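Just below is one structure, and these are the notes that go with it.
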Protein chains: 4
Amino acid sequence: MSDTTEKEPQPRRRQARGERRIAQLLQAAAQVFCTTGYTAASTNAIAREAGVSPGTLYQFFPNKEAIAIELGDRLMHEMREAYGEALAPVDPATPLEEAIGSAVDRFMAFNTDHPVFFALMHGPDIPGRMAEAHAQLHTTVIGRIEALLGSLMPDATPADVSRTAHVCLGVYKAGLELVLSHEGAERAAYVQETKDVLIRYLEPLTGRRVGNPAVD
Amino acid sequence: MSDTTEKEPQPRRRQARGERRIAQLLQAAAQVFCTTGYTAASTNAIAREAGVSPGTLYQFFPNKEAIAIELGDRLMHEMREAYGEALAPVDPATPLEEAIGSAVDRFMAFNTDHPVFFALMHGPDIPGRMAEAHAQLHTTVIGRIEALLGSLMPDATPADVSRTAHVCLGVYKAGLELVLSHEGAERAAYVQETKDVLIRYLEPLTGRRVGNPAVD
Amino acid sequence: MSDTTEKEPQPRRRQARGERRIAQLLQAAAQVFCTTGYTAASTNAIAREAGVSPGTLYQFFPNKEAIAIELGDRLMHEMREAYGEALAPVDPATPLEEAIGSAVDRFMAFNTDHPVFFALMHGPDIPGRMAEAHAQLHTTVIGRIEALLGSLMPDATPADVSRTAHVCLGVYKAGLELVLSHEGAERAAYVQETKDVLIRYLEPLTGRRVGNPAVD
Amino acid sequence: MSDTTEKEPQPRRRQARGERRIAQLLQAAAQVFCTTGYTAASTNAIAREAGVSPGTLYQFFPNKEAIAIELGDRLMHEMREAYGEALAPVDPATPLEEAIGSAVDRFMAFNTDHPVFFALMHGPDIPGRMAEAHAQLHTTVIGRIEALLGSLMPDATPADVSRTAHVCLGVYKAGLELVLSHEGAERAAYVQETKDVLIRYLEPLTGRRVGNPAVD
DNA sequence: GATGAATGAGGATTCATTCAT
DNA sequence: TATGAATGAATCCTCATTCAT
């Protein structure tokens with residue numbers, strides 16, 4: 001269902017090229033961010049990677065941060081499209097193990113396919129000082145996790161839910177870093193470890209027992 | 001927060017002066033790394049912070065990375081001196097909860113007192129591409145954790161132990177980031193969460209139950 | 001005895017070279033400002049003209065404006081040193097013609113020797129929007145003229161004196177522009193015209209008549 | 001004039017539209033020149049201000065300078081249309097005071113209504129090096145003033161007349177700058193001062209006396 | 001050993017101008 | 001014509017590093 005050939009005679013023919021350039025630039029930026037990190041990435045390097053002149057880059061983005069923001073936005077969008085359900089509140093009937101396992105699998109798959117995501121989450125190298133792009137991504141993701149947890153921790157205060165969400169995200173990012181830096185069986189093993197950490201962490205919080213209909 | 005009134009009345013050996021300079025520079029570097037992050041830190045800024053000229057800095061360190069390496073080394077050394085026992089193999093009789101709790105407390109205390117440590121662990125912003133300083137620190141720390149875990153997982157393969165160590169470090173770093181970015185009660189809460197994550201993660205691996213001599 | 005901080009009045013040996021460089025850079029800046037105007041002058045061009053690298057320029061000046069400011073300051077200083085009397089309140093006994101004639105001669109001489117002065121007065125091309133350097137110069141000069149006029153217009157309000165000062169400066173600058181763009185006899189003629197304009201303008205304001213002790 | 005259905009190889013329609021575009025662009029250019037000055041004005045900014053694309057601008061003007069030239073031309077034209085008489089040789093019977101007063105009033109009014117004029121006269125920031133547009137404007141204006149003065153200084157040499165014209169223009173520009181940078185009563189006061197300067201300057205040159213049916 | 005000067009490549013960004021559609 | 005994309009040199013400025021004193 002691509003829009004390459006037939007009918008689109010209407011509003012902007014000009015922007016077709018522009019759209020393409022933007023995509024191209026974002027892809028190049030992703031590449032460069034992954035390779036050198038956000039802080040060290042230079043706009044000239046991005047332009048070079050995209051095979052265009054610096055001026056062209058600035059025709060579409062006012063600065064480096066804007067590139068990261070747009071990249072993050074698109075990533076979030078794509079994620080939502082592809083794995084929307086993974087972010088939806090979980091059916092309480094679903095065993096925790098399964099819920100987490102599938103969520104981690106999905107996110108890991110996405111992050112493995114889009115390693116920039118990690119580079120952006122990682123942030124601009126300044127601990128505690130998150131810039132726009134990063135902050136935006138972070139806020140969105142945390143929100144999603146909070147929503148998820150909300151259905152698992154019905155009795156917890158919002159502050160607790162938020163804290164738990166932050167811990168989960170932190171654990172996930174830590175796991176992701178390990179996953180991304182390994183391959184094959186070892187990578188799979190790290191995926192499993194990440195799941196285990198999360199499952200065991202959340203299990204008591206939810207008042208459920210894995211594989212046990214137990215109560216407290 | 002630099003030199004206020006420093007008057008050494010005694011004649012020092014040249015080494016002594018050099019040592020003082022180095023300490024001065026490292027302290028300045030720590031400050032700057034924390035403030036701006038490693039990537040964005042400039043050697044000129046470090047020299048300025050130390051109150052010396054750029055030339056002087058390069059008299060003691062061949063480049064920026066060397067500063068980070070030396071800083072990491074000293075940090076490790078200091079850590080070992082101060083909390084050596086926390087890194088020593090644990091008495092199997094110690095309950096896991098207690099062992100982890102005390103280790104996390106010690107490390108968190110150290111990292112809170114020396115925020116550079118985190119900045120260095122965080123690495124030069126290049127995911128997957130750890131530079132010297134980082135790699136060295138990392139290797140040392142991982143080694144320590146492996147040693148620790150070794151006594152807790154006597155039946156595991158080295159690969160498993162190593163993997164578990166990496167996961168623990170990752171979890172710890174994630175927790176540390178959260179701890180450092182909060183204060184007061186919230187910070188304490190995050191410390192506790194970090195412990196919980198680790199405890200619950202390691203508990204089944206060790207074949208023990210917290211406070212329970214029971215077995216699976 | 002080593003060189004621990006002794007606050008003896010010789011804090012700079014190093015700065016000898018630096019001082020020279022600064023003078024060199026200011027001279028180059030003067031040259032470039034004259035040639036291309038302040039707005040169009042580039043710091044790289046100034047550095048090139050001075051025969052140094054851009055970095056060197058920025059070791060001494062934080063930006064282009066600072067160069068202009070320092071240049072203006074030095075110019076004012078030099079002017080005061082060389083022609084201080086021309087700026088001092090005039091002996092009321094001095095005939096207006098003579099007072100103005102000598103003041104214009106002195107200033108014209110100075111401005112002819114230091115054409116940058118004009119370029120700086122001319123300002124950054126944006127009417128009404130004077131930047132630091134310009135504003136500073138302007139304020140100082142206006143102040144001088146007001147002082148001069150004060151003794152010639154004892155009965156005028158400060159607002160009138162200020163207005164008259166602005167007009168005089170404007171006339172002088174206009175004359176200077178013409179003087180600088182001509183040479184030889186024509187230049188001399190323009191100097192004379194400038195004097196004439198000012199004399200005739202100020203004459204009735206002072207309640208005196210040139211060469212006439214006569215009527216009102 | 002704005003018809004559509006026509007099959008001429010050279011329809012006037014084009015011209016009409018082109019004229020409108022040009023006017024649009026010139027107006028935008030005027031706005032931008034006034035706001036940022038000629039040197040700092042960017043063609044992209046002009047195009048944006050005019051609501052067209054950069055390419056369109058270059059369809060009508062080969063470069064930035066050409067815009068300024070055309071703007072100057074139109075301004076001169078408009079001026080001539082509106083205040084033609086002010087530029088015409090003066091009836092020798094007219095008292096100088098009145099002649100100058102009315103001329104200054106007219107020009108000031110025009111310049112106040114069209115502040116670009118000043119921005120253009122001010123020139124491209126390069127003292128002594130007037131670019132095309134500026135030079136053209138300047139030459140035209142000087143010519144007018146020479147014509148004016150011709151009738152007032154019948155006995156002077158052309159060189160003298162030219163010199164006087166330049167001085168008058170300089171004085172006028174200086175006055176204009178002051179006028180434009182003030183408002184209300186103060187502005188009016190500066191207008192009067194400008195007149196006074198010119199009147200007193202020209203009075204003896206013309207061999208007439210203000211308010212006097214003078215003698216030659 | 002210490003200093004401050006010097007370097008020059010590189011970074012982000014802008015802009016007059018041209019080109020393809 | 002009009003458009004918006006494209007260019008690339010030029011702008012200001014920074015920084016790791018080296019040099020002369």
Side-chain angles (χ1 to χ4, degrees), chain A residues 12-22 39-47 50-65 67, chain B residues 14-15 17-18 21 39-48 51-67, chain C residues 2-3 11-22 39-47 50-65 67, chain D residues 13-14 17-18 21 40-48 51-67:
Chain A
R12 64 265 299 164
R13 179 59 156 265
R14 315 282 153 230
Q15 252 147 348
R17 208 153 94 244
E19 266 327 320
R20 231 179 300 133
R21 269 288 111 100
I22 288 177
T39 308
S42 88
T43 55
N44 283 0
I46 294 171
V52 302
S53 68
T56 296
L57 184 154
Y58 280 90
Q59 195 123 35
F60 300 101
F61 301 100
N63 52 48
K64 195 165 83 169
E65 199 171 11
I67 301 175
Chain B
R14 47 189 67 168
Q15 280 275 1
R17 202 158 76 181
R21 273 281 117 101
T39 308
S42 87
T43 54
N44 285 353
I46 294 171
R48 204 180 314 122
V52 302
S53 66
T56 298
L57 185 154
Y58 278 89
Q59 211 127 21
F60 296 98
F61 300 100
N63 53 47
K64 195 164 91 169
E65 198 172 13
I67 301 175
Chain C
S2 53
D3 46 2
R12 75 255 310 162
R13 183 59 166 215
R14 318 278 154 231
Q15 253 144 348
R17 206 152 96 246
E19 263 331 317
R20 229 178 302 132
R21 271 285 115 97
I22 288 177
T39 308
S42 88
T43 55
N44 282 1
I46 294 171
V52 302
S53 68
T56 297
L57 185 153
Y58 281 91
Q59 195 124 33
F60 299 102
F61 301 100
N63 52 48
K64 195 165 81 171
E65 199 171 11
I67 301 176
Chain D
R13 192 186 90 213
R14 270 193 203 166
R17 204 158 73 183
R21 273 280 115 105
S42 86
T43 55
N44 284 353
I46 294 172
R48 205 180 313 122
V52 302
S53 66
T56 298
L57 185 154
Y58 279 88
Q59 210 126 21
F60 296 99
F61 300 100
N63 52 47
K64 195 163 91 168
E65 199 171 12
I67 301 174

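Order of the sequence lines fixes the chain letters, A, B, ..., with proteins taken first and strands second; residue numbering starts at 1 for each chain. The basis for the numbers below is simple: all heavy atoms, side chains too, and nothing from hydrogens, waters or symmetry mates. This structure is a prediction, so every number in the text was calculated from the model and none was measured.
- Nucleotide E:dG8 has F:dC15 as its partner under the Watson-Crick or G-U criteria, with both atom distances under 3.5 Å.
- Nucleotide E:dG4 holds its C1' atom 13 Å from the CZ atom of B:R48, rounded to whole Å.
- Atoms CD1 and CG, on C:I46 and C:L57 in that order, are 6.5 Å from each other to the nearest 0.5 Å.
- Atom CZ in C:R20 sits about 13 Å away from atom C1' in E:dA6, given to the nearest Å.
- Residue D:T43 places no side-chain N or O under 4.0 Å from the OP1 or OP2 atom of E:dC15.
- In this structure, A:I22 CD1 and A:R20 CZ are separated by 11.5 Å, a value rounded to the nearest 0.5 Å.
- Candidate nucleotides F:dA5, E:dA2, F:dC13 were compared by shortest atom distance to the side chain of B:S53, and E:dA2 ranks first.
- Checked against F:dA6, E:dG4, E:dT17, the side chain of B:P54 finds its nearest nucleotide in E:dG4.
- Phosphate contact (OP1/OP2 of F:dC12, side-chain N/O of C:S42, threshold under 4.0 Å): present.
- Annotation for A:Y58 and A:N63: closest pair CE2-CA, 4.1 Å, computed over non-hydrogen atoms.
- Toward the 5' end of DNA chain F, the nearer of the two residues C:K64 and B:K64, judged by each one's closest nucleotide, is C:K64.
- Interatomic distance, B:Q59 CD to B:S53 OG, rounded to the nearest 0.5 Å: 8.0 Å.
- Taking atom CG of A:N63 as the reference point, atom P of F:dC12 lies 21 Å away to the nearest angstrom.
- Checking F:dA20 for Watson-Crick or G-U wobble geometry (two distances, each under 3.5 Å) identifies E:dT3 as its partner.
- Within 4.0 Å of C:A45, counting heavy atoms only, lies no atom of the nucleic acid at all.
- For the pair B:A66 and B:P62, the tightest heavy-atom approach, listed with the atom from each and the gap, is CB-CD, 3.5 Å.
- Spacing between atom CD1 of C:I22 and atom P of E:dG4 amounts to 13 Å, rounded to whole angstrom units.
- Minimum atom distance to the side chain of C:V52 is reached by E:dT7, of the listed F:dT7, F:dT18, E:dT7.
- Note on B:A41: only backbone sugar-phosphate atoms sit closer than 4.0 angstrom, heavy atoms only; bases stay farther off.
- The NZ atom of D:K64 sits 10.5 Å away from the CG atom of D:N44 when rounded to the nearest 0.5 Å.
- Between A:R21 and F:dA6 there is a side-chain N or O to OP1 or OP2 distance below 4.0 Å.
- In this structure, B:N44 places its CG atom 12 Å from C1' of F:dT18, rounding to the nearest Å.
- Of all the residues in residues 55-62 of chain C, C:G55, C:T56, C:Q59, C:F60 reach under 4.0 Å from DNA chain E with at least one non-hydrogen atom.
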